[in-house]
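This report refers to the structure that appears directly beneath it.
Heads up: numbering here begins at 1 and tracks the sequence.
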Amino acid sequence: MGPTMVSSVLVGRDAERAAIEAAYQRAALGQAVTVLVSGEAGIGKSRLVAATLAGLPGDPLVLTGGCLEVGADGAPYIPFVAILRDLVRQLGRDRVDALLRLDGSALAEWLPGAVPGPPGYGRTRLLEELRTLVGLVAAARPVVLLVEDLHWADASSRELFAYLARNLTDRPVLLAGTVRTGELTAGHPGRALLAELGRRADVVRIELRPLARGYVVELLTALGDRRPDPATSSRIHRRSGGIPLFVEALHASGDSTGSLDALFLDRLAELPPDARRLLSVVAVASTGAAAVADELLAEVTGLGEDDLHGALQLLVEREQLVSRAGGYAIRHDLIREALYRSLLPGHRRRVHVRCAEALAGEPAAVATLAEHWLAADRPELALPAAWQAANRAARQYAYDEQLHLLERVLALWDRVSVAESLIGAGRGTVLERAAAACHATGSSARGIEHCTAALAILDGVDPVREARLLGLRGRLHARIDGGGDGDLARAIALVPPGRDDRARAELLAGLAFAAAVGGDGPVRRYAEEVLLIADRLDDDGLRAPALLALAKAAGDVGEARRHYAASRRAAEAAGDHPTYLTAIQWEATLLTMAGRAEESADLALSGQRAAERLGLGRSRGSMLAVNRASPLHWLGRWDEALEVIDDALADSPPPLYEAALTTVSAAIAMQRGDSERVDQLVARLTDFALHSPRASEVNLDIHALTIQWAAAAGDVEPADRTLDGALAAIPDSGLLASEAMDLVMAATRLQLARRAAAPRNQQVAEAVAGRLAQLRLLIDRVADLGPGITALRLTFHALTGQGALSDWDLATQAWRQLGYPYQLATALTAGAEMALAASNQSGAQLRLREARSVARDLDAAPLLQKIDALAVRAKLDDQLPADTADDDGLGLTRREREVLKVLATGRTNAEIAVELFVSPNTVASHVRSILTKLGASSRTEAAALAHRAGLTTSPS
């Protein structure tokens with residue numbers, strides 16, 4: 001493996017590093033300790049040991065030797081010869097000679113020019129002389145003996161290592177060794193060494209595991225000097241298996257594997273031919289499957305039971321295969337991909353055919369069967385398998401998989417002359433189902449394309465079917481930009497009363513939905529007609545979307561929540577998962593604006609869990625992650641919000657939902673003053689808005705962010721030109737969604753910055769006045785969802801009024817009652833400015849003290865700088881609170897305290913992840929951080945320390 005692939009960056013090894021340091025501290029007190037660091041190739045054993053030894057206190061003498069891959073076939077004692085020569089290099093030949101026996105040394109063979117000892121003493125004298133020499137050196141300063149790659153040690157070196165571990169009992173010596181576990185197959189002599197040493201109380205065993213995703217992010221950040229986006233880090237984490245060497249290789253290659261094949265195939269070069277052939281079959285057989293069953297491998301390879309078991313056992317021991325539920329998988333995707341590419345195309349196709357023939361007739365394997373026939377270039381067999389698999393995925397609510405398979409069918413359609421007869425359905429039917437799957441997964445733009453293609457095939461043949469497609473396309477348009485009215489009106493005209501009441505009701509529900517989203521149109525009239533038909537037909541599938549539209553258009557929070565609850569009940573009864581989840585999504589938004597952010601976050605969390613259960617985690621679950629992160633952002637729980645966002649982005653959600661998640665992340669970065677991160681995210685969002693102009697609600701947030709960021713940089717006139725485009729996209733009539741408030745507030749602050757930048761320019765003053773009048777009209781059209789909108793309106797009035805302190809006090813009180821800290825601190829700061837303008841020093845001081853405390857807790861650097869600058873200007877800086885440490889006394893973050901609370905109940909990482917609805921990798925990162933901060937060596941010790949400090953409570 002190329003040395004250029006390895007860096008010295010060490011992440012995610014705090015507990016392991018602490019274990020080595022603790023072992024050294026014990027050794028330094030005069031009690032020798034042995035440490036064995038094990039793990040697979042590339043896991044970072046040498047990196048961990050080197051980084052730890054370099055930072056040890058007390059100036060220890062570190063002596064290093066490594067075993068060669070030639071192992072038992074080479075010269076004996078190679079690592080210890082290197083250690084002795086390292087000793088000579090560091091202490092000098094004269095000092096070492098003075099420590100050797102005067103009558104000649106058994107170590108003379110290792111030191112050219114040394115006086116050899118008398119013949120006949122044998123190996124025992126050599127072992128004892130080295131032990132004595134190390135002891136004499138350790139009398140002056142602690143000694144660390146490091147033997148790298150013990151798995152390659154010759155028999156004599158293994159014996160000497162074990163001898164020193166047993167007999168350096170009263171010396172200040174740390175004996176350390178690194179072991180590659182993948183080399184220790186059954187019968188390997190290194191296993192006996194590890195087993196013997198593992199039974200000793202003075203031996204510390206450290207087994208390195210792959211890095212969790214959070215640590216892969218840290219490593220990539222250190223390598224690239226900037227934090228990668230979550231989708232990239234998640235992809236690299238998955239493909240590398242968390243192996244640091246592979247992470248670095250992917251980073252260095254730009255996440256491309258073509259140039260890395262030699263690196264990964266080198267690991268397989270020494271496998272026996274039968275084992276390598278079996279591994280090649282697994283690489284092909286695992287196409288489209290998480291694991292390959294023994295029975296499939298036996299049928300494809302033709303190996304007998306004993307031969308197959310022996311080869312599998314060897315590959316598991318060499319850590320090339322892992323055993324999973326249902327069979328075996330190649331341990332790392334990168335190795336599987338490299339091995340797959342190394343096979344000749346003809347051989348690869350033949351293995352795919354054998355795999356497909358072996359899987360034929362297994363209903364649960366139809367998706368994998370389709371992938372094998374496709375890879376074998378047999379489209380006439382791949383197409384019906386993909387169709388069957390799509391139908392099976394739909395029955396299992398796996399809508400993402402259904403859409404993928406249906407689009408496979410469409411891609412193969414023109415390659416098969418009798419496609420329709422093979423599946424018993426026409427291309428139009430496939431397109432209709434693909435469009436419906438797009439609606440379920442939130443892939444609106446692709447759904448519109450499939451609807452349009454299906455309509456071209458129908459072309460007036462079946463009016464009701466055509467109407468349903470037009471209605472679906474209209475609903476998809478409504479999701480993108482609140483449009484779709486034209487399609488829905490055409491659809492309704494095709495289904496007059498009495499032709500097909502169910503179809504008509506579905507279309508009216510679509511019209512009600514579009515009117516509710518667009519804020520314009522007779523929502524109630526449409527919805528009430530749908531409910532009449534639904535009651536007559538006793539159809540919950542019709543009730544659910546009608547009640548959803550009524551909830552969106554409701555006049556108060558109580559009425560809206562009653563309709564949302566009724567919509568969810570009906571949707572659940574009808575199995576209408578998209579409507580069920582949309583009701584949760586919209587209600588969560590309502591609750592945030594109504595000042596009930598805690599409820600909003602909890603409701604969105606329940607929606608995420610439901611989306612996972614219903615097979616919509618990547619699509620609708622990611623949008624619900626926005627609804628969860630947003631109230632957490634308002635509540636000032638920024639780190640928690642970012643965790644939710646990163647976990648959702650790691651699943652590579654659809655672009656619309658990815659953009660919505662990114663807007664929250666960018667807002668937090670802006671409020672924290674992370675300029676580089678904001679630049680990166682705003683550039684990404686700007687590109688999305690450019691290519692998705694119809695994504696109106698998300699684009700409102702994007703425009704608000706870009707305007708804020710440009711204004712912060714002093715680019716007020718370019719920001720105002722951006723505002724022109726944003727305002728032009730807002731409809732001229734009807735209610736506006738609450739998202740419009742963010743744009744209005746950003747635009748208002750921009751106008752004040754324009755006026756401040758040119759205080760004597762009458763033309764600018766007139767332009768600003770016109771803009772503010774325009775914004776005042778917009779703010780009056782935003783739906784009144786409760787205290788959140790009220791607080792924003794009060795803030796707008798304070799910003800654009802006569803500068804009265806009382807106006808800011810009203811806004812401050814509104815934000816205080818809501819419990820939204822950043823907005824509270826901002827209002828307090830503005831109020832302090834007004835107080836100072838009125839020479840009210842004491843009023844300014846009180847407001848600045850509270851604002852600074854809140855801004856400090858949030859780590860809102862730009863706001864904190866503004867507060868401090870204002871305090872210095874008013875000569876109040878010595879009267880504001882100083883920065884203090886976290887009030888738990890241990891430096892734990894809010895999220896770490898939450899993890900610790902659940903950990904203290906005895907739950908595993910997986911159980912904690914379910915409880916807090918984050919990924920197990922995120923939990924693992926938090927647990928490691930908690931152990932490090934508490935100085936705890938185990939989870940039990942951490943829980944006990946937390947209980948004593950009063951940081952946890954027993955579950956009720």
Side-chain angles (χ1 to χ4, degrees), residues 3 20 23-24 27-28 30 32-35 37 45-46 49-71 74-119 121-150 152-178:
I20 298 175
Y24 168 74
V33 181
T34 300
V35 171
V37 180
K45 300 178 293 296
S46 298
V49 172
T52 306
L53 297 186
L56 293 178
D59 189 29
L61 181 65
V62 179
L63 305 173
T64 303
C67 303
L68 300 181
E69 194 169 353
V70 290
Y77 300 118
I78 285 176
F80 293 100
V81 172
I83 283 173
L84 185 57
R85 291 178 179 175
D86 193 11
L87 178 66
V88 170
R89 181 182 61 80
Q90 294 196 55
L91 294 188
R93 182 61 183 266
D94 292 343
R95 289 184 61 187
V96 173
D97 284 346
L99 296 173
L100 298 176
R101 292 177 62 110
L102 296 177
D103 59 344
S105 172
L107 301 174
E109 290 286 337
W110 300 0
L111 288 175
V115 177
Y121 282 92
R123 179 176 297 179
T124 302
R125 175 163 173 165
L126 183 147
L127 301 181
E128 182 59 26
E129 277 197 34
L130 185 61
R131 184 188 72 84
T132 301
L133 176 62
V134 171
L136 291 172
V137 173
R141 60 195 281 204
V143 171
V144 177
L145 300 180
L146 171 62
V147 179
E148 293 267 30
D149 299 319
L150 268 172
W152 286 329
D154 58 275
S156 298
S157 294
R158 290 195 299 272
E159 181 187 16
L160 179 48
F161 190 93
Y163 178 84
L164 293 175
R166 291 192 301 267
N167 293 286
L168 284 170
T169 54
D170 56 351
R171 310 290 200 280
V173 178
L174 176 67
L175 177 64
T178 63

Verdict with supporting geometry, Leu164 and Val173, side chain to side chain contact (heavy atoms under 4.5 Å, CB included): CA-CA 10 Å; Leu164 293 175; Val173 178; over 6 Å; no
Residues Val143, Leu174; criterion side chain to side chain contact (heavy atoms under 4.5 Å, CB included); working and verdict: CA-CA 6 Å; Val143 171; Leu174 176 67; over 6 Å; no
Checking Leu63 against Val134 for the side chain to side chain contact (heavy atoms under 4.5 Å, CB included) test, could you report, in this order, the C-alpha distance in whole Å, the side-chain angles of both residues, the deciding distance, and whether it holds? CA-CA 10 Å; Leu63 305 173; Val134 171; over 6 Å; no
Start with the C-alpha gap between Leu84 and Tyr77, add the side-chain angles, then the distance that decides, and say whether side chain to side chain contact (heavy atoms under 4.5 Å, CB included) holds. CA-CA 11 Å; Leu84 185 57; Tyr77 300 118; over 6 Å; no
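One finds the CZ atom of Arg171 at 7.0 Å from the OG1 atom of Thr132 (value rounded to the nearest 0.5 Å). Note that CG of Leu87 and CG of Leu130 are 9.5 Å apart. Values are rounded to the nearest 0.5 Å. Between the CG atom in Leu99 and the CG atom in Asp94 there is a gap of 11.0 Å [rounded to 0.5 Å]. Separating the CG atom in Leu160 from the CG atom in Leu126 is a distance of 7.0 Å, to the nearest 0.5 Å.
Ion pairing between a basic and an acidic side chain is recognised when a charged N comes within 4.0 Å of a carboxylate O; Arg125 and Glu128 show no such pairing.
By the side-chain contact (heavy atoms from CB on, under 4.5 Å) test, Ala140 is found to be paired with no residue, residues two or more places apart in sequence or in another chain being considered. Judged as a side-chain hydrogen bond (donor to acceptor under 3.5 Å, both in side chains), and not counting sequence neighbours, the contacts of Arg89 are Asp86. Qualifying side-chain contact (heavy atoms from CB on, under 4.5 Å) partners for Arg95, counting only residues two or more places apart in sequence or in other chains: Leu91. Residues that satisfy the side-chain hydrogen bond (donor to acceptor under 3.5 Å, both in side chains) test with Ser46, not counting sequence neighbours, are Glu148. Applying the side-chain contact (heavy atoms from CB on, under 4.5 Å) rule to Pro79 yields the partners Cys67, Val147, Asp154, Ser157; only residues at least two apart in sequence or on another chain are considered.
Closest approach of Ile78 to Gly66, counting heavy atoms only: CG2-O, 3.7 Å. Residues Gln90 and Leu61 come closest through the heavy atom pair OE1-CD1, 3.2 Å.
Side-chain atoms of Arg85 come within 3.5 Å of backbone atoms of Trp110 as a donor-acceptor pair (strictly under, hydrogens ignored). Of the possible donor and acceptor atoms, one in the side chain of Arg158 sits under 3.5 Å from a partner among the backbone N and O of Ala153. Of the possible donor and acceptor atoms, none in the side chain of Tyr24 sits under 3.5 Å from a partner among the backbone N and O of Leu53.
Listed by first and then second residue, the side chain to side chain donor-acceptor pair (under 3.5 Å) pairs that reach into residues 49-65 are Asp59-Arg141, sequence neighbours excluded.
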